Trainee: 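Please read through the structure below; I'll follow up with questions.
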Amino acid sequence: MNISGILVVADSVHIDTVLAQLATLDGIEVRQHDRASGRIVVVQEATDVGAEIAGFGRIRALPHVLAADLVCHYFGDQPVAEPQLESALASLAAPAPAAPRPPAEAFVTATDAIRPSRGTP
Amino acid sequence: MTSLTRRELLKSSIAATTAAAAGLPVSQAVLAQGAAAEAGWKWDKGVCRMCGTGCGIQVGIAGGKVVATKGDPDAPVNRGLNCIKGYFNGKMMYGADRLTQPLMRMKDGRFDKNGAFTPVSWKVAFDEMERQFRRHYESKGPTGVSFIGSGQHTVEEGYASVKLMKAGFRSNTIDPNSRLCMAAAVAGFLQTFGADEPANVYDDIELADTFVLCGANPAEAHPVLWSRMTDRKLGHKSTRIFNITTYANMSSDIADVDIVIRPNGDLALMNYLAREIVDRGAVNADFVAKHCVFATGAVDIGYGMRNTTKFAFDAEKDTVAKEMVVVLDKHEAVGQRRQAGQKVEQKDRGAAGRHWQISFDEYRKGLAPYTLDFVAEVAKGDPDEPIDAFKAKLRALADAYCEKSRNILTFWTMGVNQHQRGTWVNNQLYALHLLTGKHGIPGNGGISLTGQPSACGTAREVGTFAHRLPAGMVVDNPAHRARAEKIWSLPPKTLNPRIGQDQMAILQGLEDGSVGFCWIQVTNPFQSTPNLNHWLKAAREKDCFIVVADIYPTVSGKVADLILPAAYMLEKWGMYGNAERRTQAWRAQVTPPGEARTDLWMLMEFSKRFRLKDVWGEKTVPGLKAEGFADDKLPDVLAEAVKMGYTPESTLYEVLFARPEHRKVAWPDPIAKGHPNPTVAALGENWFPEKALFNEYRQFTVNFQYDLASFDAYHADAVRGLRWPVIQGADGKWQETRWRFSEGNDPYVKKGEGFNFYGPAFKAVPVGTIDGPSDPKPVPLAGKAKIFFRPYAAPVEQPDANYDLWLTTGRILEHWHTGSMTRRVPELHRAQPSVVMYMHPEDAKKRGLKRNDTAWVESRRGKVKILVETAGRNRVPRGTVSVAFFDEAVLVNKLVLDALDPISREPDFKKCACKVYRA
C-alpha cells in the first residue's frame, strides 16, 4: 500500500474544473480545498510505485493545474523490491503544450496575467 | 483495528500533513485520527538525499524500518514540500538488489581481474585491497594511488577521506565528482571574490522581482526552489522570469521570455548585457569605485585536453589537435579583436587562470565589439527564430538588468559550469551584478546553484580535492599546510605540496598506467564522466585495481575489481551542506542490511592495516618542487614523528582517527536519543567517530571565515540547519549568516565598511591592459571583487558535414544523476531503453526517423542506440539533440568529449558534435 499526500495548486479561476477532473481519477480523494489560493489537498492510494507515479503524472497533466507538490509518502506495508521504479519514473514525462509566447517587446508592458503551465488537455 | 480502519486513519494523517504544508486549517478530529494512525511511530528530522536544494524531511520509523517520509514543515528551505525524488528518500534503500556483501572478481579461490564477482568476507576484501594498494603505492608512490569521492559524501566521511589520503598516505590524488559539476563555479568564486560559495540565500527568492535562469533548468533539477520562484510569480504580479538555454525545457513553460542560445553564445550574450549596463549609465559608480576592480585574463588557454593524440581514437584526433593551436573563426576574431583565420598557439595552457587588473576604459574596450547585431548573430540558437525576435528578447533582458529599482536574481548551474569556458561565464554573470551594485543584498545577486546535496558542505568546504585542504586552504601554500599539520598533529612536511591528479587525470592515469589503485565511494564515474569508452576499457584491461563502494550495483561496480556494500544515508549519522551554506544534520534511523557498512567505517577499518613506517618515510612525487623540499621527494618524517610520541609501528587508525582526544568523545551520547550508530557497532568501540571528527574539522573553520557551529547545535531537535559563518553569541545562541560580505549581516565585515569581499584568494594581481599585464609585480586589492572582461571563444568541436548535430546532455526530474538510486539495474530483459533522445521533428524526418523509432547517435568517440522523441518536455531547436545520462543501458557519455574548462578542469558535457541515423 502506498499512500501519498499531494498538494495541488490550481488556477483559482478554474478550481471547479480541476476538482471535477480530480474526482474522475482512480485512487484519488480530494480532502480539502481553498478557493482563494487554488490549493487542493489530495490523498492518493496506489498498489505499487508505478501506479503512484502514474497517478501523480495524471494530476500534473490536468488543465489549469499550475503545480503539484508531493508532501508525504507512506509505504510501510510494502513488500521490499520495486524493479519497475525506473520505467515508471521515466514514463512521467508528459508532452508539453506548444503555447505561443508573447513577443518580447510586450514583456515590459504586458498585463499581469500569468499563463497556466499546462494549457491544453 | 481492522486494516480498513487503519487505512482510513493513515489517509487522514496524510491529508492533515498535506493541509498543514499548504497552510490550510486542519480539524481537531482529523488530527486525532492522524495521531492514532501513527501510534508507535517515531519521527526524526533528516535531509533530502538528492539535490543541492537541501530540503528538510521528516522520517517515520516503526518496527526498525522506515515506513514514511514527509517534507519537513519546519524546514525553511521547503516548508513541508517534496519533489518526486525527495519523495522516495525513505523507499530508496529497500530495492531488491541492494548490495549486502563485498563482491570480488575471483577465479580458483583467488582474486582474478577476469574472474566473476563472488561474495567474500570483509576480511578477504580488505586483504586484497591492502595487497593491491601496497603494490601500487610502493612502486609508483603517492601519485600511483587514488580516491574518487563525492558531493554526496557526508561531511564526516569526506573529512575522513581527506585525512586518510593526505595526512596518512601523503597523496593529493583525491578528487570528488564535484569536479564534474561545480569546479568552474568554484574557480569563478575564487577569482571574482577570493572565497567560495554564494553571498546570497534562498530568502532572496521571496524578495526578488526578476529571476534570470542561465544554463539552469530548475523545474527539473531544483524543483522545490522552482516552486518557490513560481509561487513568488503567482503572488507578486510584476515578477518576471527569463530562461537562457540551448533548448526550450520545463522551466520555459513558466518563464516569460525564453532565450534559446547557441553553445558558447552565453559568452557573447553576457558581454552584450554588460555593454548595455555601461552604455545606458546603469553602473552603480559608487559601489564599483569603493568595492570593485576591473580585470581580464589569459585567452589562449586551450581546452584542457591532453597535449598528445597518443591515446585518442582515430576519429577524435582532429578535435584533440586543437588543444595546441586554434584557428580563429570570424566571430572569435571580432570578439577577441583579432583576425579571422589567425592561427593562435595556445600558449597559456599551463597558466590558464592567470589574470590581471585593468582600467574601466580597458574594460569598455573589451566590451566594444559586443553590439546587439554581433551578439545576435553569434548567439542565436534556434535557426527558425527570426533574428529580430531574438534581438527583442536580448533587449528585454538588458532592460531587466538596467532597471534600477528591479530586484534581480540570476541563477545558474550546469549549462554554465560544464562548459569549456565555464569559469569565464561565472565571472561574467557576477560582473552584471557587480556593475549594478546588485549582489549579496536582499533580493539581488548572482547565485551559483549547486547540484549535489553536499558538494558545498563536503567537497568544497572540507576540501576533498586534489589541490585542497579544509576551510578553503590549498596544499601548495606553506602556511596552509603548516596550519593543517598543527591541527592534525603531524610532523612538519608530512603533507604533500604538489597538487594531485584531479578526477579526469585519475582516469587518464588508469589509461596510461600512472595510476594503479582507485577507490571510489558514493559516485559512479564510469557512467558520469565524458569520453567513457577510454575509461571503461582502461578499468578492465589495464593493470589496475578498482574498488567501488555503493548501495546498489552500478556501471562502475560492473567494471571494478571489488565492490563494497555501503550504508544508505538513513543508515548512518551525517551532515550535508546545501547550496545556501546551510549545514544540516541527521541521526542514523535504521541499521544497514547484511554486511553493508558506512563509508566512514570502511575508511577507518582500512587505515588499521597501515603503519607510519609504510607511509611517512621518504616518498617519490614526480614534479614536486617546493621550498624546503628536495625536488621530486617527500622527506622522511619518522624521526620527528617519534619526537611527537608516535612510533613507526603506530597504525594510521591510531594516528588519524582513534586518537586519545577522539576516544574521549564517548558513545553513547545523549544527543543520540536512543538512535543507533552503525559505524560504532561495526568498529566495536565506545567512542563517537562522527562527532569526534566533526569536532576536529570544526577547528579549521572557527575564526577562519568558515565558522561552523557545534555538532550538538546541528543535531538539536529545533534546529533546521545553520548557514555559515555561524557565531555563538554571548547569550549562547548560534547566529547564522544570511548575506555575506555586507555590513550588519556578515560577522567578518566591520562597522562602516559597507561591503568587504574579504576572501583571501587572488587578492594581489598585476596591473595591465586588455592585452596583458604591464608589470609582473602583483598589486594588492584586499576587500575588492573583480569585474571580469572575458571574450567570446568558439566551442572546440562543432557540427560539421560528417557529425552534423549538436549533442547536449543533462538530467531529468525523475532521475538523480546516473540513476543508481532512482532506478534499478535491469535484471529483466528490456524491450527498450528508458532514456530518449529529444530531436526536432524535421531533423528526424530528414533522417527517415519518426517518434519512437530506434536510432544510433554517434560521435567521434562512440555511439549508443536510443529511442527518438520528437515531442516531450525538451523542445530542441533544429540542429540539436539532447539526451539524459541516467540510463546505464544507454551510456551517452561515451559520445561526450573530454574537453575541460582549463582553469577549473571541469568537463564540458553540453556541446559536442554527433550524427544520428536509423538503427
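Bear in mind the structure is a predicted one, so any value in this text is a computation, not a measurement. Here is the naming used below: chain letters follow the sequence lines, and residue numbers restart at 1 for every chain.
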Trainee: Identify which of B:Q58, B:R98, B:K391, B:K11 forms the greatest number of heavy-atom pairs closer than 4.5 Å to chain A.
Mentor: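 With the most close heavy-atom pairs to chain A, the winner is B:K11.
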Trainee: B:K393 and side-chain contact (heavy atoms from CB on, under 4.5 Å): which single residue from B:D388, B:V257, B:V260 fits?
Mentor: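 So the option named by the test is B:V257.
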Trainee: Counting only non-hydrogen atoms closer than 4.5 Å, does B:S13 touch chain A with its backbone (N, CA, C, O), its side chain (CB onward), both, or neither?
Mentor: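 No part of it gets close to chain A.
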Trainee: Do A:D69 and B:N78 meet the criterion of a side-chain donor-acceptor pair at a distance under 3.5 Å?
Mentor: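 Not at all, the side chains of A:D69 and B:N78 share no donor-acceptor pair under 3.5 Å.
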Trainee: CG/B:L81 to OH/B:Y87 distance, rounded to the nearest 0.5 angstrom?
Mentor: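 Rounded to the nearest 0.5 Å, the CG-OH separation comes to 13.5 Å.
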Trainee: At a heavy-atom distance under 4.5 Å, which candidate from B:G80, B:G23, B:A21 has the highest pair count against chain A?
Mentor: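 Top count of heavy-atom pairs under 4.5 Å with chain A: B:G80.
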Trainee: Do A:H64 and A:Q21 meet the criterion of a side-chain donor-acceptor pair at a distance under 3.5 Å?
Mentor: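 Per modelled atom types, A:H64 and A:Q21 side chains form no pair under 3.5 Å.
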Trainee: Does B:E403 pair with B:R240 as a salt bridge, N-O distance under 4.0 Å?
Mentor: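 Salt bridge: no.
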Trainee: Using a cut-off of under 4.5 Å for heavy-atom pairs, which of B:G86, B:A19, B:A16 has the most such pairs with chain A?
Mentor: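 With the most close heavy-atom pairs to chain A, the winner is B:A19.
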Trainee: Measuring heavy-atom distances to chain A, does B:T69 have an atom under 4.5 Å in its side chain, in its backbone, in both, or in neither?
Mentor: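 Both parts, backbone and side chain.
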Trainee: Please state whether the rings of B:W41 and A:Y74 are parallel, tilted or perpendicular, taking 30° and 60° as the class boundaries.
Mentor: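 It falls in the parallel class, under 30°.
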Trainee: Could you have a look at B:T18, B:T17, B:I14 and say which one has the most heavy-atom pairs with chain A under 4.5 angstrom?
Mentor: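 If we count pairs closer than 4.5 Å to chain A, B:T18 comes out on top.
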Trainee: Side chain from CB out, backbone as N, CA, C, O: work out which of these in B:V224 comes under 4.5 Å of a heavy atom of chain A, or both, or neither.
Mentor: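 Neither part, no heavy atoms under 4.5 Å.
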Trainee: Step by step, would you call A:R58 with A:I28 a side chain to side chain contact (heavy atoms under 4.5 Å, CB included)?
Mentor: CA-CA 11 Å; A:R58 271 197 306 269; A:I28 297 288; 5.8 Å; no
Trainee: With the threshold set at 4.0 Å, does a side-chain nitrogen-carboxylate oxygen contact exist between B:R875 and B:D253?
Mentor: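 Looking at B:D253 together with B:R875, the answer is yes, because their closest N to O distance falls below 4.0 Å.
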Trainee: By a 4.5 Å heavy-atom criterion (distance strictly below it), what part of B:A62 contacts chain A: side chain, backbone, both, or neither?
Mentor: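 B:A62 has no heavy atom closer than 4.5 Å to chain A.
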Trainee: Tell me the residues of residues 29-41 of chain A whose non-hydrogen atoms fall below 4.5 Å from those of chain B, in number order.
Mentor: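 Only A:E29, A:R31, A:Q32, A:D34, A:R39, A:V41 of residues 29-41 of chain A have a heavy atom under 4.5 Å from chain B.
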Trainee: With only heavy atoms counted, which part of B:P73 is less than 4.5 Å from chain A, the side chain, the backbone, both or neither?
Mentor: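 Neither part; nothing is under 4.5 Å.
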Trainee: Run the side chain to side chain contact (heavy atoms under 4.5 Å, CB included) check on B:V59 and B:N89 step by step: do they pass?
Mentor: CA-CA 9 Å; B:V59 183; B:N89 268 305; over 6 Å; no
Trainee: With distance as the sole criterion, is a donor-acceptor pair present between the side chains of B:D209 and B:S238 under 3.5 Å?
Mentor: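 Their side chains do not contain a donor-acceptor pair, so the 3.5 Å distance test is not met.
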Trainee: Without swapping roles, check the side chain of B:D258 against the backbone of B:A248 for a donor-acceptor pair under 3.5 Å.
Mentor: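 No; judged by distance alone, with no hydrogens or angles, the pair does not exist.
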Trainee: Measuring heavy-atom distances to chain A, does B:D231 have an atom under 4.5 Å in its side chain, in its backbone, in both, or in neither?
Mentor: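 Only the side chain of B:D231 comes within 4.5 Å of chain A.
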